[in-house]
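Data first, discussion second: the structure below is written as structure tokens.
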Amino acid sequence: MAEEQITAPRESGAATPDARRWQALVYIALAQLMVSVDSTIVNIALPSAQRALDISDSNRQWVITAYMLAFGGLLLLGGRISDTIGRKRAFLIGVIGFGAASALGGLAVNSGMLLSARALQGAFGALLAPAGLSLLAVTFAEPKERAKAFGVFSAIAGSGSAVGLILGGVLTEYLNWRWSLFVNIAFAVVVVAGAVAVVRDEGSRPPREKLDIAGTLLSVAGIVALVYGFTLADSEGWTATPTLALFVACVVLLTLFVVVEKRSSAPLLPLRIVTERNRAGVFASQALAVITMFGLLLFLTYYFQEIRGYGALASGVAFLPMVAGMLIGAGQIASRMMPKTAPRWIMGPGFFVAALGMLMLTQLDVDSSYPLLVLPGQLLFGIGLGMAFTPAMSLATHGVEDHETGVASAMINASQQLGGSIGTALLNTIAASTAAAYLASHSGGSGIANQAAVHGYAVAVWWTVGILLLAGVLILLTNRLPKPQQDEKAAEADITPVAV
């Protein structure tokens, strides 16, 4: 079969690696941890914040949704700004802004102040996240070092949501809900102090170009419609008129966005970034994987607290096996394999290992043993995702022009954000409808409500098994990048061969 060839950017010279690059990794990873933790830490504190600020049940969802809409809607713009003004500058602005918005939220005296702060967090997070990932991409070029760096970064990115549940439980139980926001100030101060000294923007910067205003407005509106559509689907139903209207609006807006980008001389998102098949497969598989992760976090949180009666702290600690698994999968397995193994042979098996962990959790019952079922299921799931996430973070910028790494990094974040929105809405709907059907077909009795709820969780987890298998097959079919040694030899001739 013939070979497809992808032109890879040739290095202009063998630049001397920055002696402080590993210190830079620490601060970039800490910033990513701050953003990842924030995706779930507020969930644990939300009931306390609702009572303190007298937020109505109908408005409490906006504490989460305001952040999701701003973060998801502005990611592409954040990536383009990063490429335009410089990655380090964008990174520092994002960290400082995120910390300031967190302080505003922690000091909130009413719901409007808290919601505004959450939207600001999302906006600055949309600048910070792609800038951090693109800084990592241009700082570590040597394959072995790049594998280690992305192993650390992806382990933190993947486990941050679970860490947020643990940290949220500790802060809410022993201090109060405001500290779930104030804790970000400490993160921001440490990151800014360190990053100013040791982080360098190694890449070149393109000439200043006019901002693609039409593309920006269409992308923001389209992504916001999509994310909010999934949010409404979770609360109002998939066939509700507002939900369907948002999905239709999303299709129209993003179609117009593609048309505009094709004609623009300085597009917000160069379409080659998402149409190149290796990256397209990575983006799609990441969205699928995050669907399962957010679904599992949701179900196990309810299972631990509502079914098993765990407190906020104990519930958070119960997620530690997943965190440990991600650290093992990313730091001990994927990072060791990446310098000598083609990416698809790390990511594909990773998705299959994660599916095996989920397969164990389909056996979940009201009285399931935590050490014999829940713990090993979480551990396998975490190991698998750690293996799959690490090469994906690196591949997001593979073969991308140096001055476009920010927007490419934004796309991997956007795919994960989309997966999180879908996972919460889709899997929660499946679990709720299954539980309702179970109650309708079984006579009432002691504990029937709990049995119905857990049955709903188990059925939804079966769906995640299928989704992870699909992600694994997808990456095996779409990714044809060779192992790094072959990639390096081909780069000497300015061409990266990709066997099809």
Side-chain angles (χ1 to χ4, degrees), residues 36 40 151 154-163 165-166 285-304 307-308 315-335 337 345-365 367-392 416 419-420 422-424 426-428 430-431 454-476:
S36 299
T40 54
S154 59
I156 288 174
S159 60
S161 297
V163 171
L165 294 172
I166 299 169
S285 66
Q286 285 294 288
L288 291 171
V290 175
I291 288 174
T292 67
M293 185 177 75
F294 272 72
L296 185 62
L297 289 172
L298 176 68
F299 298 143
L300 286 185
T301 298
Y302 279 109
Y303 178 76
F304 292 147
I307 308 300
R308 303 305 295 266
S315 175
V317 171
F319 281 104
L320 280 176
M322 187 190 304
V323 177
M326 287 185 176
L327 293 174
I328 294 169
Q332 297 301 314
I333 300 177
S335 64
M337 294 177 67
W345 299 121
I346 307 171
M347 295 181 67
F351 287 127
F352 297 146
V353 170
L356 180 60
M358 284 297 204
L359 186 62
M360 291 187 66
L361 292 174
T362 60
Q363 305 306 305
L364 198 66
D365 201 351
D367 299 317
S368 293
S369 167
Y370 179 87
L372 296 180
L373 179 69
V374 181
L375 187 154
Q378 283 194 76
L379 186 62
L380 283 172
F381 178 73
I383 289 173
L385 283 198
M387 291 173 61
F389 281 178
T390 303
Q416 292 176 343
I422 296 173
T424 302
L426 175 63
L427 297 177
N428 191 48
I430 292 170
V454 175
H455 176 67
Y457 303 156
V459 170
V461 171
W462 270 111
W463 280 73
T464 68
V465 173
I467 291 170
L468 287 166
L469 292 176
L470 175 60
V473 171
L474 178 66
I475 206 67
L476 290 176

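- Summarising the geometry of Q286 relative to A388, their closest heavy-atom pair is NE2-O, 3.9 Å, with the distance given to 0.1 Å.
- Put simply, the side chain of F381 does not reach to within 4.5 Å of the side chain of V353, judged on heavy atoms.
- If you take CG on L474 and CG on L469, they are separated by 12.5 Å, rounding to the nearest 0.5 Å.
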Quiz prompt | side chain to side chain contact (heavy atoms under 4.5 Å, CB included) assessment of L297 paired with M322 | solution = CA-CA 10 Å; L297 289 172; M322 187 190 304; 4.1 Å; yes
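- The CG atom of L288 sits 8.5 Å away from atom OG1 of T292, with the distance rounded to the nearest 0.5 Å.
- For the atom pair CG (L356) and CG (L361), the distance works out to 10.0 Å, reported to the nearest 0.5 Å.
- Nearest heavy atom pair, residue P349 against residue W345, reads CG-O, 3.2 Å.
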Quiz item: Are T390 and I346 close enough, and set up right, to give a side chain to side chain contact (heavy atoms under 4.5 Å, CB included), and what steps lead you there?
Solution: CA-CA 9 Å; T390 303; I346 307 171; over 6 Å; no
Exercise. Would you sort out whether I291 and T464 count as a side chain to side chain contact (heavy atoms under 4.5 Å, CB included), showing the intermediate values?
Key: CA-CA 8 Å; I291 288 174; T464 68; 5.9 Å; no
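- Panel note: side chain Q363, backbone S368; no donor-acceptor pair is recorded below 3.5 Å.
- Between L470 and I467, the closest side-chain pair of non-hydrogen atoms is not below 4.5 Å.
- In terms of heavy atoms, G386 sits closest to A334 at O-CB, 4.2 Å.
- Annotation: the span from L300 atom CG to I307 atom CD1 amounts to 11.5 Å, rounded to 0.5 Å.
- Relative orientation of the Y457 and Y303 rings is perpendicular, given thresholds of 30° and 60° on the angle between their planes.
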Quiz item: Is there a side chain to side chain contact (heavy atoms under 4.5 Å, CB included) between L385 and L468 once you walk through the steps?
Solution: CA-CA 10 Å; L385 283 198; L468 287 166; 4.3 Å; yes
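- Between F351 and V473, every side-chain heavy-atom pair lies at or beyond the 4.5 Å cut-off.
- A distance of 13.5 Å separates CZ in F299 from CZ in F304, rounded to the nearest 0.5 Å.
- Between V454 and L364, the closest heavy-atom pair is CG1-O, 3.5 Å.
- Summarising the local packing, CZ of F352 is surrounded by more than 12 heavy atoms from other residues, nucleotides or ligands at distances under 6.0 Å.
- Taking CD of Q378 as the reference point, atom CE of M358 lies at 9.5 Å (rounded to 0.5 Å).
- By the 4.5 Å heavy-atom criterion applied to side chains, F294 and Q416 are not counted as neighbours.
- What you find for S285 and I475 is that their closest heavy atoms are OG-CD1, 3.7 Å.
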